[in-house]
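Each remark here refers to the structure printed beneath this line.
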Amino acid sequence: MRVLGIETSCDETAAAIVMRDADGRGTILSNVVRSQLEEHAAYGGVVPELAARSHVTHLDHIIRRACEEADVRLADLDAIAATAGPGLIGGVLVGLTTAKALSAALGKPLVAVNHLEAHALTARLTDGIGFPYLMLLVSGGHSQFVLVRRVGDYERWGSTIDDALGEAFDKVAKLLGLGQPGGPQVEKEAQSGDASRFRFPRPLLKEDRLDFSFSGLKTAVRLAAEEIAPLSDRDVADICASFQLAVAEIISVRSTAALVRFKERLPGTPLRLVVAGGVAANKAIGIGLQRVANQAGAQLVVPPIGLCTDNGAMVAWAGAERLALGAADGLDFAAKARWALDSADMGLTHAA
């Protein structure tokens, strides 16, 4: 089957066409992503109203490009999938409404996709891994461990109690006068910094839980910067390196504990840790996770960075996975600003 995927939950306008064969293997036929980074740069973060308007302006053209690059006509698609939440509700409405219009006009099934499920299933598209597995999602809006049992069946083991990790990177970058998005900027500065200069806190690590907290760490960075202001280039680099080290240690310690729980809960099951979300691009975090996986005897699966950040291919694939199980949604499906991956309505549904 060939599925069009539409993603508009934040500041990327994306569309892709993915083919899923009868054996469950996926092929990306096209994957077009338009970033709104320049449009929001002056504001130091994403402005929801501007994001939604940009999606309205560009989505039709992005879909056309996806069809052209895949050499597939809209009439030849087998289904239309779109992110229906969670996300900035204005943007989600743009993508979902467009998908509903295409579904109705073409007479094709509609699949309303949970954005987090799209991330969770990407490793099956890129690496063909089987169920179950452990997912670490680290992005601008989410930081959580999830047990992925099967399509539509998830158990959240831990999440952030305040800021998401990507959000913490962005706020530290803004505090230090760096550009956005903050993750790449902080990582770049950290390369020349002394990570031992500042000993920033590692919140919650002494507690027997899999949750994260980055707000206190962010505050510690602000206080350190204020104490030595005005900051030199060396100060900025050292703060970034020390912050990144703290984050990498937090992620590594929590991942070790999550893998231990996986082995206890599912004895005899192949141990696999899948990492998703834009923060997966951070090399220091990646090195730490590889070390954790090696020590635990686990397989670490990190999709290509272009498929870790928001994109249409992951949405199309999630739609194809659901459609292969007979699941589809009606045109009355409502967009959701919040939609937990382990909520009761994540089960497979069958449209009338």
*Is the Lys NZ or Arg CZ of R272 less than 6.0 Å from the centre of F131's six-membered ring, within 45° of the axis?*
no
*Please determine, by modelled atom types, if D162 and S213 share a side-chain donor-acceptor pair under 3.5 angstrom.*
yes
*salt bridge (charged side-chain N to carboxylate O under 4.0 Å, His left out) involving R291 - partner list, sequence neighbours excluded*: none
_Counterpart residues, salt bridge (charged side-chain N to carboxylate O under 4.0 Å, His left out), relative to D76 (two or more places apart)_ = R73
*asked:* Taking atom CZ as the centre, does R65 end up with more than 12 heavy-atom neighbours from other residues, nucleotides or ligands that are less than 6.0 angstrom away?
replied: no
_H58 and T13 side chains, donor-acceptor separation under 3.5 Å_ = no
*Are L271 and L273 side-chain neighbours, meaning at least one heavy-atom pair lies under 4.5 Å?*
no
*Where does the angle between the aromatic ring planes of F200 and F198 fall among parallel (under 30°), tilted (30 to 60°) and perpendicular (over 60°)?*
parallel
Return a table of donor-acceptor pairs under 3.5 angstrom between the side chains of residues 276-283 and protein atoms on other chains or two or more places apart.
from	atom 1	to	atom 2	distance (Å)
N282	OD1	A284	N	3.1
N282	OD1	I285	N	2.9
N282	ND2	Q244	OE1	2.9

*Residues forming a side-chain hydrogen bond (donor to acceptor under 3.5 Å, both in side chains) with R20, sequence neighbours excluded*: E321
*Selection residues 185-196 - residue pairs positive for salt bridge (Lys or Arg N to Asp or Glu O under 4.0 Å), sequence neighbours left out*: none
*Following the transitive rule for hydrophobic clusters with a side-chain heavy-atom cut-off under 4.5 Å over Ile, Leu, Val, Met, Phe, Trp and Tyr, establish whether W317 and V33 coincide in one cluster.*
no
_Partners passing salt bridge (charged side-chain N to carboxylate O under 4.0 Å, His left out) against R197 (at least two apart in sequence or in another chain)_ = D235, D238
_Looking only at side-chain N and O atoms, does E7 offer a donor or acceptor that is under 3.5 Å from a partner on T83?_
yes
*asked:* For H142 and H115, take the angle between the two ring planes, folded into 0 to 90°, and tell me which bin it lands in: parallel under 30, tilted 30 to 60, perpendicular over 60.
replied: tilted
